[in-house]
> 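Handing you this structure, nothing more for now.
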Amino acid sequence: MNIPFNKPSIVGKEIEYIHRAIKVGHISGDGMFTKKCNAFLEELLGVRKVLLTTSCTHALEMAAILLDIQPGDEVIFPSFTFVATVNAFVLRGARPVFADIRQDTLNINEKQIEDLITPKTKAIVPVHYAGVGCEMDRIMWIAEKHNLPVVEDNAHGLFGKYKGKYLGTFGCMATQSFHETKNISCGEGGALLINDPEYIERAEIIREKGTNRSRFFRGQVDKYTWVDIGSSYLPSDMLAAYLYAQLEEWQKIQSKRNEIWEKYKIALEDWAGLNGVKQPYIPEHCEQAYHMYYLLFPSLKKRQALIACLKEKGILSVFHYQPLHLSDMGRKFGGSPGDCPVTEDVSDKLVRLPLYYSLSDSQQEAVKSTILSLAF
Ligand SMILES: Cc1ncc(COP(=O)(O)O)c(C=O)c1O
């Protein structure tokens, strides 16, 4: 493809910092750069504790362990999300309960959540789709009323805000992704954001193979030992070095993505109106993270026509999540067609356009003009 959907970029001191990590002689987990990333995110977002992880998937797995999810427990998710959001909890034995999404933001429909709560419900997991905040006032109100924890899957939403407050700071925990496709990346990586201090100590243990190694390194115990279940969720400090260089340049990255996003919006506005295509909707009270630019077509056929037309010009555009309640696993949990009609409809009609830091003006021009040449 001449214009890929995504491309990783060097934006600052990534290479220099990787060299430094090697020179310092600490390339396993929790070295100097991991600590810098954790502190950077804690300070900027105002989170009690940040722990870098090997992926967002692993941060979600940690959250499920920390909430003590047991076989038979129910957890509420949007059906329109990535498999990992749900699998992390299903791994502990949870039964997923799927809510549909809103027509406008494509986030979990908060109005459906309360009806899905049963005595077995143990958590609510909203996903800030495309880095646009879910209706957190309502979600937190429901959670408090029913005494349920909220874990925000904020894989898309780093630096996004809802009513002036950073996404990832509402629930007792939140998870970030630093996968290659995300705004800030180190190839594969993630973080667990802990807002409720009750979970901090156990989170450190779970992340360190179920040992109290972190306490040992802080001199709080004189030897470390096996104290709980856990796994190895620490990224190498070489990855953290790459990530820290990206975090240092976060404003530069966000402003470039903002610029590309706005250019798509302005250029495609009239064409979209004429062809019954919807552009992303950002509520006034949300500051989006500029993670994704998508279009919603009136039909699957028209969406596929656009993907094919762009492909002919060497431009890769991609659809997104398939409804989880209709997947093989979703059906095993009782999902059937019609359960989440908006999710079922949107998954057939959505397409994502190339959006990455190094996308040049002429490349974006090629994407826009190819789309504008299409009339249905
Ligand atoms: C909503 C959501 N949650 C979780 C993940 C998993 O992220 P990771 O690849 O860092 O495990 C993704 C991946 O794109 C995602 O879109």
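Just so you know, ligand 1 is whichever comes first in the structure, and atom 1 is the first atom listed for that ligand.
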> In terms of side-chain heavy atoms, does Gln279 have a donor or acceptor partner in Tyr293 at a distance below 3.5 Å?
yes
> Less than 4.0 angstrom from a charged side-chain N to a carboxylate O is my criterion; do Lys145 and Glu114 meet it?
yes
> Output yes when Lys163 and Glu287 qualify as a salt bridge under the 4.0 Å nitrogen-oxygen rule, no when they do not.
no
> List, ordered by chain and residue number, the protein residues whose closest non-hydrogen atom lies under 4.0 Å from any atom of ligand 1.
Ser55, Cys56, Thr57, Thr81, Phe82, Thr85, Val127, Asp153, Ala155, His156, Ser177, His179, Lys182, Gly189, Tyr321
> Please determine if Asp345 and Lys349 form a salt bridge, counting it only when a charged side-chain N lies under 4.0 Å from a carboxylate O.
yes
> Flag the pair Glu204 and Lys49 as a salt bridge only when some basic side-chain nitrogen lies within less than 4.0 angstrom of an acidic carboxylate oxygen.
yes
> Where does the angle between the aromatic ring planes of Phe216 and Tyr224 fall among parallel (under 30°), tilted (30 to 60°) and perpendicular (over 60°)?
tilted
